[in-house]
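Please read the structure below before turning to the comments.
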Amino acid sequence: NAGVTQTPKFQVLKTGQSMTLQCAQDMNHEYMSWYRQDPGMGLRLIHYSVGAGITDQGEVPNGYNVSRSTTEDFPLRLLSAAPSQTSVYFCASAPRDKGYTFGSGTRLTVV
Amino acid sequence: SQKIEQNSEALNIQEGKTATLTCNYTNYSPAYLQWYRQDPGRGPVFLLLIRENEKEKRKERLKVTFDTTLKQSLFHITASQPADSATYLCALPDRGSTLGRLYFGRGTQLTVWP
């Protein structure tokens with residue numbers, strides 16, 4: 001199993017650009033989540049999903065969209081990038097009632 | 001919403017001693033609580049999950065307790081080693097939530113020196 005795969009690992013965007021961060025898991029996990037991690041702020045939940053076709057907002061959803069058309073994939077879309085979205089983004093997945101498996105992260109810089 | 005507080009940002013202990021990390025929450029008692037380890041530049045790694053009806057859980061040198069009266073979980077690493085140096089995070093689900101809505105504390109950075 002590859003686990004949770006995030007692409008790209010690094011990305012630089014200009015303010016106003018849009019992009020999609022990809023996340024795929026091959027463990028048939030029901031739950032998937034996106035977090036951002038900033039110095040001094042810890043991990044903050046952006047969006048999450050409890051199954052294909054079901055998504056919901058976390059703590060900091062503004063400026064981000066998600067969809068879950070399949071169990072395996074959970075892409076995160078930045079609609080119009082802002083410098084405040086400079087962060088490290090983690091995707092994670094879990095089976096019901098178990099701990100999360102995290103990806104290796106995407107380091108995003110918005111200039 | 002839930003506020004999660006982890007004890008002091010950094011904890012330094014000598015090799016062989018027991019490290020004790022604290023996670024306090026302020027509002028409702030969650031159905032379970034999780035602990036993760038994070039190394040610099042890496043994603044968190046799941047360590048243990050303890051449910052509200054479990055007072056204590058162990059895994060090798062790790063021990064977690066969960067006191068719903070005190071609204072606190074303690075995470076112990078016995079016989080600590082320099083390789084245990086990392087940031088440790090506790091995480092709680094939202095009230096009445098499935099596992100999907102999981103919130104993290106800011107973590108405690110543990111350094112074990114020889």
Side-chain angles (χ1 to χ4, degrees), chain A residues 2-7 9-10 21 23 25 27 29-61 66 68 71 74 87-107, chain B residues 1-10 21 23-25 27 30-54 57 59 62 64 73 75 86-109:
Chain A
V4 177
T5 302
Q6 290 185 239
T7 56
K9 293 190 182 304
F10 300 93
L21 306 186
C23 176
Q25 53 97 2
M27 299 171 284
H29 288 169
E30 288 182 80
Y31 304 134
M32 296 188 75
S33 295
W34 276 103
Y35 289 88
R36 60 177 289 174
Q37 188 170 39
D38 304 291
M41 297 297 294
L43 284 161
R44 291 184 290 171
L45 181 64
I46 305 173
H47 286 284
Y48 68 99
S49 169
V50 297
I54 306 169
T55 64
D56 203 351
Q57 297 180 349
E59 302 168 271
V60 288
V66 292
R68 183 106 178 265
T71 299
F74 191 42
S87 188
V88 180
Y89 291 85
F90 288 103
C91 179
S93 72
R96 185 183 293 268
D97 288 347
K98 303 290 185 184
Y100 270 91
T101 299
F102 279 77
S104 57
T106 295
R107 283 146 186 82
Chain B
S1 61
Q2 186 75 277
K3 185 176 180 182
I4 305 170
E5 297 176 341
Q6 294 192 239
N7 65 323
S8 64
E9 290 187 5
L21 285 66
C23 177
N24 294 295
Y25 54 93
N27 295 332
Y32 53 83
L33 186 148
Q34 301 183 8
W35 284 89
Y36 290 77
R37 167 184 173 140
Q38 187 174 25
D39 293 285
R42 311 288 292 270
V45 174
F46 170 71
L47 296 175
L48 284 166
L49 182 153
I50 185 166
R51 302 188 185 279
E52 60 180 341
N53 61 349
E54 297 175 316
K57 202 157 191 178
K59 178 182 176 183
L62 309 180
V64 173
S73 174
F75 178 82
T87 296
Y88 291 85
L89 308 167
C90 71
L92 312 175
D94 202 357
R95 179 197 289 272
S97 172
T98 64
L99 193 63
R101 198 178 181 94
L102 190 69
Y103 298 118
F104 282 79
R106 296 186 180 187
T108 297
Q109 185 175 352

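Note that this is a predicted model, so its numbers are computed, not measured. All values below come from the heavy atoms of this structure, side chains included, with hydrogens, waters and symmetry mates left out. Naming convention: chains lettered A, B, ... in sequence-line order (proteins, then strands); numbering from 1 in each chain.
In terms of heavy-atom proximity, B/Arg42 sits nearest to A/Arg107 at N-NH2, 4.3 Å. Scanning both residues, A/Tyr48 and B/Arg101, for their nearest heavy atoms gives CE2-NH1, 3.4 Å. Closest approach of B/Tyr36 to A/Phe102, counting heavy atoms only: CE2-CE1, 3.8 Å. Pairing each heavy atom of B/Gln34 with each of A/Lys98, the nearest pair is NE2-O, 3.7 Å.
Between A/Tyr35 and B/Phe104, a ring centre-to-centre spacing shorter than 6.0 Å is recorded.
Taking the side chain as every heavy atom from C-beta outward, A/Thr101 and B/Phe46 never approach each other to under 4.5 Å. Side-chain contact between A/Leu43 and B/Leu89 is present, with at least one heavy-atom pair separated by less than 4.5 Å.
In terms of heavy-atom pairs under 4.5 Å with chain B, the best-connected choice from A/Met32, A/His47, A/Glu59 is A/Glu59. No other option in B/Gly41, B/Pro44, B/Gly43 has as many heavy-atom pairs under 4.5 Å with chain A as B/Pro44.
Contacts between A/Gln6 and chain B at a heavy-atom distance below 4.5 Å are absent for every atom of the residue.
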